[in-house]
Enquirer: 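Below you will find the structure I want to go over with you.
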Amino acid sequence: MSVESLFPRLEALLPKVSKPIQYVGGELNSTVKDWDEATVRWALMYPDAYEVGLPNQGVQILYEILNELPETLAERTYAVWPDLEALMRAEGVPQFTVDAHRPVRAFDVLGLSFSTELGYTNMLTALDLAGIPLLSADRGDDDPIVLAGGHAAFNPEPIADFLDAAVLGDGEQIAIAITEVVREWKAEGSPGGRDELLMRLAESGGVYVPRFYDVDYHADGRIQRVAPNRSGVPWRVHKHTVMDLDEWPYPKKPLVPLAETVHERFSVEIFRGCTRGCRFCQAGMITRPVRERSITTIGDMVEAGVKASGFNEVGLLSLSSADHSEIGEVAKGLADRYEGTNTSLSLPSTRVDAFNIDLANEFSRNGRRSGLTFAPEGGSERMRKVINKMVTEEDLIRTVTTAYTQGWRQVKLYFMCGLPTEEDADVLGIADLARKVIQAGREATGSRDVRCTVSIGGFVPKPHTPFQWAAQADHETVDRRLKALKDALRGDKEYGRAIGMRYHDGKPSIVEGLLSRGDRRVGAVIRAVWEDGGRFDGWSEHFSYQRWMDAADKAGVDVGWYTTREREENEVLPWDHLDAGLDREWLWQDWQDAVNDVEVEDCRWTPCYDCGVCPTMGTEIQIGPTGKKLLPLTVV
Ligand code: SF4
């Protein structure tokens, strides 16, 4: 059955809303396929505004891979701003895709990519606007399968009642596998309706279907067990790992945004995974092991993507880009290739000890000498041992001094506040470190024209990390420590004016903590917040801590129990039936090591220390060097 474009109805609303361009679609490299020729149709959503959602790599990769499949189409949808939401409700215009402005409810699958839990209320808005029942249990055969992916999907329990399914890990192969399951089921005449389709997905072992699992609780509120309620459903659902990134060189044709977005560059992922072992870092833990993309594939992807998009900045993306075994060759090869053109390079995430200034010089050869950002994360040596961020003060000062002497004038240092075992002195250590950075910079350059900004985020313990058992610091403690740090910097007559400080208060971290380590009972809080008008919780101007606390009261949920409570070793955690490959005993030991300031090396360069991922997932570390060079292709 054909589906009509909603654009004529939407167009009438656009003159009345802010930034209407974000809703019109038609970006360079976007795709519109014939509806009737497709047998499986995906709507892909990044549940935030277009300006944040469009650059998302995960969505762009899946959009391209799915659209390359025969008889399959994929379109994108983003969260609409409250002004358009109000008009859509008034005029009865449902949630639409930006590609062909088709109603989201007409698709077979609505795939949502969650990098953060703060997008949950936006999911509810989209479902409601689409006319899809909020609860999975209320959906019928005509509703899409609502499927979550992304890092937050490693504990989807707080949104379990709203989801039909979730997938863990890399999406490339599993998205194709799901497409084939849906196609086959539809070709057979959709036997058994929605329930059978979900059962087929669950039986495949690669898709988590929350409704097929029951959760029992102890009288004190802890989980007693999570168990399948049907035969054929696996006890544990495993994550997916793409082992050869060279086989998946996406995006090949990056989307070029029509409206302003948070990143306007072509990003090429140079490797996936990280085994540095920073204990706070969920991304590092759940994406193990390290798999590098080869220098030749990186070179080819950059060339093809720049040609296809016209972007004049290329970002080399990963969790710690300077750790690529051939980053020097990659940087030099690309800088040579684009010398004299207006194409510049950037390295979005770097580690202090892996960074060297030759590399920084390559990156700035063709572009601006913008600020350098380093992330020591902890303000004292002791704190950095607890979090296993093996950066010494010496490393930091040496690197930053070299940067200042090579002409950089501004460095940014990123830290966290509220880390396990943290004391006031650890946070005040940030001020000492910043002072030493400025002092060393002034001595090395003979100039007072050096600056440093310390940027501080609140720490949130995350599932599948050694800190999953830790007590989160309450927001009063975080705010008190941040204030003391601010006072220390302000009161410093010699260095204070050269040091800037950026931070958020501790309240949003508590809500993020509730959503990160929550269980199914937290779903009622999310729904109550949404019903009370909660939207765009990742945006400070929209976020309301009070609204979350009121909703928790209403739902009878004790926020402190989920956030500031330390868990015992044997407590069943809401995500224990979801397998990121990490051995639970290893994680617990690493948590004990953290408390005792014991550091763990990176298994890329030392023997395997049995975190469990490789044997469980049938994977292995894949790093170079390949010894290959990038050809300095002629740029036309
Ligand atoms: S199993 Fe061993 S080699 Fe693989 S990621 Fe874990 S520690 Fe590293």
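Positions are given from 1, in the same order as the sequence printed here. Remember, it's a predicted structure, so these values are computed and weren't measured experimentally.
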Enquirer: Restricting to non-hydrogen atoms, name the atom on Arg139 and the atom on Ile132 that form the minimum distance, rounded to 0.1 Å.
Expert: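 For Arg139 and Ile132, the tightest heavy-atom pair comes out as NE-CG2, 3.5 Å.
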
Enquirer: Can you tell me if Arg517 uses its side chain to pair, donor with acceptor, with the backbone of Asn155 under 3.5 Å?
Expert: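 The answer is no, because no donor-acceptor pair under 3.5 Å joins these two groups.
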
Enquirer: Go through the steps for Lys19 and Glu260 under the test salt bridge (Lys or Arg N to Asp or Glu O under 4.0 Å), then give the verdict.
Expert: CA-CA 9 Å; Lys19 299 188 191 167; Glu260 200 179 327; over 6 Å; no

Enquirer: Distance only, no hydrogens: is a donor on one side chain within 3.5 Å (strictly under) of an acceptor on the other, for Asn56 and Gln60?
Expert: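 No pair is found: no donor N or O on one side chain lies under 3.5 Å from an acceptor on the other.
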
Enquirer: Quick one: NE2 on His475 to CG on Asp505, what's the gap to the nearest 0.5 Å?
Expert: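 That separation rounds to 8.5 Å.
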
Enquirer: With side chain to side chain contact (heavy atoms under 4.5 Å, CB included) as the criterion, how do Leu197 and Met199 come out once you've worked through the C-alpha distance, each side chain's angles and the decisive distance to 0.1 Å?
Expert: CA-CA 5 Å; Leu197 174 57; Met199 192 60 199; over 6 Å; no

Enquirer: For residues Trp530 and Thr125, is any side-chain donor paired with an opposing acceptor at under 3.5 Å?
Expert: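 Indeed, the side chains of Trp530 and Thr125 share at least one donor-acceptor pair under 3.5 Å.
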
Enquirer: If we only count heavy atoms from C-beta on, is the Ile178 to Trp42 side-chain gap below 4.5 Å?
Expert: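 Counting from C-beta outward, Ile178 and Trp42 do come under 4.5 Å.
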
Enquirer: Between Ser516 (side chain only) and Gly513 (backbone N and O only), is there a donor and an acceptor less than 3.5 Å apart?
Expert: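 No: the side chain of Ser516 does not pair with the backbone of Gly513.
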
Enquirer: Any donor-acceptor pair under 3.5 Å linking the side chain of Asp170 with the backbone of Glu172?
Expert: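 No: the side chain of Asp170 does not pair with the backbone of Glu172.
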
Enquirer: Looking at Arg76 and Glu27, is any side-chain nitrogen of the basic one under 4.0 Å from a carboxylate oxygen of the acidic one?
Expert: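 Result for this pair is yes, salt bridge flagged.
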
Enquirer: For the aromatic rings, using the six-membered ring if either is Trp, is the centroid distance between Trp35 and Phe107 under 6.0 Å?
Expert: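 They qualify: ring centres under 6.0 Å apart.
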
Enquirer: Does a side chain donor of either Arg535 or Thr121 reach within less than 3.5 Å of an acceptor in the other side chain?
Expert: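 Their side chains do not contain a donor-acceptor pair, so the 3.5 Å distance test is not met.
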
Enquirer: Strictly below 4.0 Å, N to O, side chains only: are Arg102 and Glu75 in salt-bridge contact?
Expert: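 Between Glu75 and Arg102 there is a salt bridge, with a charged N closer than 4.0 Å to a carboxylate O.
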
Enquirer: In terms of relative ring orientation, are His151 and Phe154 parallel, tilted or perpendicular, with 30° and 60° separating the classes?
Expert: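 Correct class here is perpendicular.
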
Enquirer: Using the ring of each side chain (for Trp, its six-membered ring), is Tyr545 parallel, tilted or perpendicular to Phe543, with breaks at 30° and 60°?
Expert: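 Rings of Tyr545 and Phe543: tilted, 30 to 60°.
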
Enquirer: Between Phe467 and Phe459, does the ring centre distance come in under 6.0 Å?
Expert: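 So the answer is yes for these two rings.
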
Enquirer: Answer whether the closest heavy-atom distance between the side chains of Phe162 and Ser136 falls below 4.5 Å.
Expert: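 Sidechains of Ser136 and Phe162: no contact.
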
Enquirer: Can you confirm whether the side chains of Tyr250 and Glu68 place a donor and an acceptor under 3.5 Å from each other?
Expert: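 Yes, Glu68 and Tyr250 have a side-chain donor paired with an acceptor closer than 3.5 Å.
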
Enquirer: Under 3.5 Å, is there a donor-acceptor pair between the side chain of Asp214 and the main chain of Asn229?
Expert: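 Here the side-chain-to-backbone pair does not exist.
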
Enquirer: Any ion pair linking Asp579 and Lys239 (charged N to carboxylate O, less than 4.0 Å)?
Expert: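 Asp579 and Lys239: not salt-bridged.
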
Enquirer: Atom CZ of Phe96 and atom CZ of Arg9: how far apart are they, to the nearest 0.5 Å?
Expert: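 Here the interatomic distance stands at 11.5 Å.
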
Enquirer: Just checking, any donor-acceptor pair under 3.5 angstrom between side chains of Tyr46 and Ser115?
Expert: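 Indeed, the side chains of Tyr46 and Ser115 share at least one donor-acceptor pair under 3.5 Å.
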
Enquirer: Give a yes or no on whether His504 atom NE2 has more than 12 heavy-atom contacts from other residues, nucleotides or ligands under 6.0 Å away.
Expert: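 No - once you tally the heavy atoms of other residues, nucleotides and ligands closer than 6.0 Å, there are 12 at most.
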
Enquirer: Counting N and O atoms only, with roles assigned by atom type, does the side chain of Asp83 sit under 3.5 Å from a partner on the main chain of Ser18, one being a donor and the other an acceptor?
Expert: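 Side chain of Asp83 to backbone of Ser18: a pair is present.
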
Enquirer: Indicate yes or no: does Glu188 engage Arg200 in a salt bridge with an N to O separation below 4.0 Å.
Expert: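 Between Arg200 and Glu188 there is a salt bridge, with a charged N closer than 4.0 Å to a carboxylate O.
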
Enquirer: Is the count of non-hydrogen atoms from other residues, nucleotides or ligands lying under 6.0 Å from Glu180 atom CD greater than 12?
Expert: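 Yes, CD of Glu180 has more than 12 neighbouring heavy atoms, counting only those of other groups under 6.0 Å.
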
Enquirer: Any side-chain heavy atom of Asp576 within less than 4.5 Å of one from Arg584?
Expert: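 Side-chain contact under 4.5 Å: yes.
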
Enquirer: For Lys186, I'd like to know if atom NZ has over 12 heavy atoms of other residues, nucleotides or ligands within 6.0 Å.
Expert: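 More than 12 heavy atoms, drawn from other residues, nucleotides or ligands, come within 6.0 Å of this atom.
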
Enquirer: Assign the ring pair His542 / Phe536 to parallel, tilted or perpendicular, where the plane angle (0 to 90°) is split at 30° and 60°.
Expert: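 Ring orientation of His542 relative to Phe536: tilted.
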
Enquirer: If you take the centroid of each ring, where Trp contributes its six-membered ring, are His101 and Tyr23 closer together than 6.0 Å?
Expert: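 Aromatic pair excluded; centres sit 6.0 Å or further apart.
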
Enquirer: Please determine if Glu571 and Arg222 form a salt bridge, counting it only when a charged side-chain N lies under 4.0 Å from a carboxylate O.
Expert: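 A salt bridge is absent here (no side-chain N lies under 4.0 Å from a carboxylate O).
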
Enquirer: Looking at CZ of Arg291 and SG of Cys274, how far apart are the two atoms once the value is rounded to the nearest 0.5 Å?
Expert: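 Nearest 0.5 Å value for the CZ-SG distance: 11.5 Å.
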
Enquirer: Using the ring of Trp561 (Phe, Tyr or Trp, six-membered ring only), decide whether Arg565 places NZ or CZ under 6.0 Å from its centre and within 45 degrees of its axis.
Expert: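 The answer is yes; both the distance and angle limits are met.
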
Enquirer: Go through the steps for Asp141 and Arg194 under the test salt bridge (Lys or Arg N to Asp or Glu O under 4.0 Å), then give the verdict.
Expert: CA-CA 5 Å; Asp141 289 349; Arg194 185 176 190 83; 5.8 Å; no

Enquirer: Ignoring hydrogens and geometry beyond distance, is a side-chain donor-acceptor pair present between Asp474 and Thr564 at under 3.5 Å?
Expert: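 There is no such pair (donor and acceptor under 3.5 Å, judged by atom type) between the side chains of Asp474 and Thr564.
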
Enquirer: Can you see whether Asp99 engages Tyr63 through a side-chain donor-acceptor pair at a distance of less than 3.5 angstrom?
Expert: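 The answer is yes; a qualifying pair exists.
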
Enquirer: Would you confirm whether Glu117, through its side chain, and Val511, through its main-chain N or O, come within 3.5 Å as a donor-acceptor pair?
Expert: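 Looks like no, no N/O pair under 3.5 Å.
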
Enquirer: Would you say CD of Gln224 has more than 12 non-hydrogen atoms from neighbouring residues, nucleotides or ligands within 6.0 angstrom?
Expert: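 Counting neighbours around CD of Gln224, more than 12 heavy atoms of other residues, nucleotides or ligands fall under 6.0 Å, so yes.
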
Enquirer: Give a yes or no on this: more than 12 heavy atoms of other residues, nucleotides or ligands lie within 6.0 Å of atom CD of Glu196.
Expert: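 Result for CD/Glu196: enclosed.
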
